[in-house]
Amino acid sequence: MTFKPVILLSILPVMIAAQAGAADITIACGYQESEMRLCQEAADAWSAESGNHVEVIRAPERSDERYLYILDLLARDDASVDIFQIDVIWPSAMAGDLVDLTEHVPAEERAAFIRTIVDNNTVDGRLVALPWFTDAGMLYYRKDLLDKHALPVPETYGELAETALAVQTAERAGGQADLWGFVFEGQAYEGLTCNALEWISAHGGRILDDDGNIVVDSPASALALGGAAAWVDTIAPPKVTQFVEEDARITFQLGNAVFMRNWPYAWSLLQAEDSAVKGKIGVAPLPKGGVHGQHSAVLGGWQLAVSRFSENQEAAIDFVRYLTSRDEQKRRAIQGSFAPTIADLYQDPEVLDANPFFADLGATLQDAVARPSARTGVQYAQLSTLFWEAAHRTLTGYGTAADNLARLEDRLKLLQDRAGW
Ligand code: GLC
């Protein structure tokens with residue numbers, strides 16, 4: 001946990017700033033390079049404008065690690081971080097420790113955000129975070145390689161596997177020894193929950209039904225997970241079961257994969273000057289489960305929230321409004337392909353020029369599958385852990401998909417009996 005020393009160092013400027021009358025704000029935002037840069041630039045711009053000082057600290061990489069990091073600070077009434085970047089799945093679990101922003105944000109500013117995200121961030125009538133960027137799973141593909149082999153963009157996971165195998169086989173025979181067909185996020189963590197939920201829902205499966213009943217152990221889920229397990233060490237590298245987003249992104253960016261499942265942020269990095277695949281890639285909806293299946297993308301995304309323990313709440317709220325403003329979201333969309341939470345930016349010519357796939361992203365987001373966090377609240381973390389464990393066991397060959405799903409269903413029922421939702 002390398003971020004701790006930075007937190008300690010931030011105490012000194014707090015004391016100096018307090019004397020000078022300016023506020024000193026600490027924000028934990030992002031992890032990878034482009035987000036850190038964009039966050040720091042915004043911090044510098046807002047500081048120059050407001051006279052306040054901002055300390056930008058790097059959050060842990062994985063969503064579930066970030067969750068524990070924030071819960072730990074909140075549990076200790078820790079005031080060292082004023083602003084948190086929170087995942088779309090957390091508002092209901094941490095609302096009590098976040099400032100209600102309703103009165104602090106003018107109604108017209110609130111109305112500009114995508115309604116469903118504002119609803120997600122409103123817990124018991126309290127708006128606990130402002131939407132910063134949204135996310136949906138997408139299929140990245142090597143346009144040049146599909147063209148070369150005269151193959152279409154796959155519509156189903158079956159086609160994806162066949163195409164991945166055909167291109168991988170042909171290209172390896174032609175000397176591209178490191179090429180794999182498909183990379184995704186297969187480590188045992190929240191990202192695998194997103195991937196596995198996409199596979200399952202593409203086949204018509206679900207984790208909970210509309211009434212909160214556990215329905216994960218179904219033939220559809222078993223077919224989906226079993227299919228994914230067959231990719232490992234055939235069209236996907238064995239180490240895909242240790243991959244998080246950045247591992248998949250780097251593998252694809254080095255030119256070592258035909259297909260990749262990832263979020264929108266990867267686009268800007270893949271299209272950067274130093275990328276081996278610049279100008280060679282396309283983006284499509286994730287495949288359907290089969291001819292009778294459906295395209296399915298999990299809904300992700302991040303919000304900005306102010307800690308109840310912050311000693312500079314007014315300045316922190318002001319900075320959150322700056323970061324989530326139209327201009328700043330536009331800058332982040334153009335430079336970092338972060339998908340805006342302000343609907344009309346999807347029609348902005350400069351935004352679309354930088355991210356042509358945003359033209360179709362609106363529809364994907366509309367149909368995106370939500371993880372069952374709003375219903376399960378604080379129990380979601382446990383539910384997700386059990387779910388990704390079952391998926392990871394299946395991918396790594398510890399039991400069949402059907403056995404792991406039956407076991408998962410039993411464990412989820414115990415959790416539901418104990419905790420209720
Ligand atoms: C992305 C999504 C987030 C999700 C995470 C999983 O950051 O925006 O919602 O939980 O990936 O790795």
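Numbers here are sequence positions counted from 1. Numbering of ligands and ligand atoms starts at 1, following listing order.
With sequence neighbours excluded, the residues that form a side-chain contact (heavy atoms from CB on, under 4.5 Å) with Ala95 are Val123, Arg126, Val128.
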For residues 300-307, dump all side-chain donor-acceptor pairs below 3.5 Å to protein atoms at least two apart in sequence or in another chain.
from	atom 1	to	atom 2	distance (Å)
Gln303	OE1	Asn121	ND2	2.9
Gln303	NE2	Gly301	O	3.3
Ser307	OG	Phe309	N	3.0

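Of all atoms in ligand 1, listed by their number and element, those nearer than 4.0 Å to a heavy atom of Gly191 are 6 (C), 12 (O). Residue-ligand proximity, Ser63 to ligand 1, at heavy-atom distances under 4.0 Å covers atoms 10 (O). Those atoms of ligand 1 that come under 4.0 Å of a heavy atom in Gly300, given as number and element, are 2 (C), 8 (O), 9 (O). Atoms of ligand 1 lying under 4.0 Å from any heavy atom of Asp135, numbered from 1 in the order shown and given with element: 1 (C), 2 (C), 7 (O), 8 (O). Interface atoms of ligand 1 facing Trp302, defined by a heavy-atom separation under 4.0 Å, are 1 (C), 2 (C), 3 (C), 7 (O), 8 (O). Those atoms of ligand 1 with a heavy atom of Asp87 less than 4.0 angstrom away are 3 (C), 4 (C), 9 (O), 10 (O).
Annotation: Trp263 is not in aromatic contact with Phe133 [ring centroid separation under 6.0 Å not met]. Aromatic pair Trp231/Phe184: ring centres closer than 6.0 Å.
Not a single N or O atom of Ile89, backbone or side chain, sits closer than 3.5 Å to an N or O atom of ligand 1.
Among all protein heavy atoms, the one lying closest to atom 12 (O) of ligand 1 is Glu245 OE2, 2.6 Å.
Note on Arg411 versus Glu389: salt bridge recorded, some NZ/NE/NH1/NH2 to OD/OE distance being below 4.0 Å.
Geometrically, Arg62 does not engage Tyr189 in a cation-pi contact, judged by NZ or CZ lying under 6.0 Å from the ring centre and within 45° of the ring axis.
Below 30°, between 30° and 60°, or above 60°: for Tyr67 and Trp90 the angle between ring planes is between 30° and 60°, a tilted geometry.
Heavy atoms of Arg371 approach ligand 1 to within less than 4.0 angstrom. Under a 4.0 Å heavy-atom criterion, Tyr189 is in contact with ligand 1.
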